[in-house]
Amino acid sequence: VRAADAAGNLASLDRTVFLDTIPPTLSITTPTPDVLTNQPVLAVSGTAADLATPLQVFVNDQPAALQGTHFSHALTLEEGSNPITVSARDAAGNTASQARTAVLDTTPPGIVIGAPVENALVPHTAVTVTGTVSDLHLPAVATVNAYPATLTPEGRFSLEIPFPLAETTITVSVTDR
């Protein structure tokens with residue numbers, strides 16, 4: 001750019017401009033796709049890089065901490081399905097984004113023991129325990145008095161366990177995935 005005033009004084013100024021049409025590189029390390037968690041705060045992290053600086057990274061439109069090429073953000077989840085969008089924007093306005101989904105499940109599985117009934121009298125030293133597990137996120141891991149019980153896709157189980165004492169408490173424990 002050159003300018004001259006009425007007295008004939010000249011001034012000039014040069015600017016160098018670079019064309020940048022390449023979006024930043026972006027990779028999410030955590031969480032894994034379709035993660036299921038019972039923790040209400042989820043660490044979102046990964047890497048983002050670009051030839052042009054500054055580079056900005058956002059997790060669900062919130063700024064993420066960026067150190068070198070590594071970013072991190074603590075995301076508060078709501079019960080159920082939570083979409084996660086990570087985006088990176090370079091100085092030229094080019095963007096890259098990736099998405100994940102996280103499911104927050106803080107509800108323990110439901111358990112119903114079908115047999116034996118409460119205070120049942122059994123004539124053998126083994127008893128078959130049957131029941132049903134209900135949870136939005138089957139399969140779950142079930143145990144009956146610490147013996148592993150296999151669940152059907154519908155959440156049913158049936159397991160014969162030793163009954164060595166005159167009185168035994170049957171404990172069914174379930175952990176969802």
Side-chain angles (χ1 to χ4, degrees), residues 1-3 11-113 131-157 171-177:
V1 177
R2 293 185 181 194
S12 67
L13 181 61
D14 294 325
R15 290 282 163 107
T16 303
V17 179
F18 299 94
L19 175 62
D20 179 4
T21 60
I22 301 170
T25 59
L26 178 64
S27 175
I28 300 173
T29 306
T30 59
T32 58
D34 302 315
V35 67
L36 177 64
T37 182
N38 62 359
Q39 299 300 310
V41 177
L42 182 68
V44 180
S45 65
T47 58
D50 193 74
L51 296 175
T53 56
L55 180 66
Q56 297 173 308
V57 177
F58 300 90
V59 176
N60 287 3
D61 297 323
Q62 298 297 314
L66 186 62
Q67 291 185 335
T69 60
H70 298 280
F71 69 86
S72 63
H73 182 76
L75 181 64
T76 301
L77 302 176
E78 295 181 8
E79 189 73 20
S81 183
N82 292 264
I84 302 169
T85 302
V86 178
S87 60
R89 183 174 58 227
D90 67 15
N94 299 307
T95 60
S97 65
Q98 289 190 0
R100 295 276 194 273
T101 300
V103 176
L104 176 61
D105 177 8
T106 60
T107 305
I111 304 170
V112 174
I113 298 175
T132 306
V133 173
S134 59
D135 191 74
L136 292 175
H137 307 287
L138 290 174
V141 176
T143 59
V144 179
N145 285 14
Y147 294 96
T150 302
L151 296 175
T152 67
E154 298 80 25
R156 294 186 189 95
F157 64 91
T171 303
V172 178
S173 300
V174 178
T175 305
D176 59 7
R177 58 180 180 117

* **Results of salt bridge (charged side-chain N to carboxylate O under 4.0 Å, His left out) for Glu154 - residues two or more places apart only** => Arg156

* Asked: Who pairs with Thr30 by side chain to side chain contact (heavy atoms under 4.5 Å, CB included), at least two apart in sequence or on another chain?
  -> Ser45

* To do: Say whether, by atom type as modelled, one donor and one acceptor occur between the side chain of Asn82 and the main chain of Gly80 under 3.5 angstrom.
  => yes

* Walk me through it: do Thr107 and Leu136 pass the test side chain to side chain contact (heavy atoms under 4.5 Å, CB included)? => CA-CA 9 Å; Thr107 305; Leu136 292 175; over 6 Å; no

* Asked: Listed by chain and number, what are the side chain to side chain contact (heavy atoms under 4.5 Å, CB included) partners of Val17, not counting sequence neighbours?
  -> none

* Those residues that, when tested against Arg100, pass side-chain hydrogen bond (donor to acceptor under 3.5 Å, both in side chains) (two or more places apart) -> none

* To do: Take Thr171 and Asn145, measure what side chain to side chain contact (heavy atoms under 4.5 Å, CB included) needs, and give me the verdict at the end.
  => CA-CA 5 Å; Thr171 303; Asn145 285 14; 3.8 Å; yes

* Structure fact -> In terms of heavy-atom contacts, Asp135 and Pro109 come closest through OD1-CA, 3.6 Å

* To do: Please name all residues satisfying side chain to side chain contact (heavy atoms under 4.5 Å, CB included) with Thr143, sequence neighbours left out, ordered by chain then number.
  => Ser173

* Structure fact -> On a heavy-atom basis, the closest approach of Gly46 and Thr29 is CA-OG1, 3.3 Å

* For Thr106, check side-chain hydrogen bond (donor to acceptor under 3.5 Å, both in side chains) against everything at least two apart and list the hits. => Glu79

* Do you know which two heavy atoms are closest between Ser12 and Arg2, and how far apart they sit? -> CB-CG, 3.7 Å

* Set of residues satisfying side chain to side chain contact (heavy atoms under 4.5 Å, CB included) with respect to Ala142, sequence neighbours excluded -> Ala149, Leu151, Val174

* To do: Determine, stepwise, if the pair Leu36 / Asp105 fulfils side chain to side chain contact (heavy atoms under 4.5 Å, CB included).
  => CA-CA 7 Å; Leu36 177 64; Asp105 177 8; 3.9 Å; yes

* Structure fact -> Sorted by chain and number, sequence neighbours left out, side-chain hydrogen bond (donor to acceptor under 3.5 Å, both in side chains) with Asp90 holds for Asn94

* Asked: If you take all heavy atoms of Phe71 and Thr47, which pair is closest and at what distance?
  -> CE2-N, 3.3 Å

* Closest heavy-atom contact between Ser87 and Leu26? -> CA-CD2, 4.2 Å

Side-chain donor-acceptor pairs under 3.5 Å in residues 57-69, sequence neighbours left out?
residue, atom, partner, partner atom, Å
Asn60, OD1, Thr85, N, 2.7
Asn60, ND2, Pro83, O, 3.1

* Asked: Minimum heavy-atom separation for Ala88 to Ala48, with atom names?
  -> CB-CB, 4.3 Å

* Report yes if some heavy atom in the side chain of Leu42 is under 4.5 Å from a heavy atom in the side chain of Val35; otherwise report no. => yes

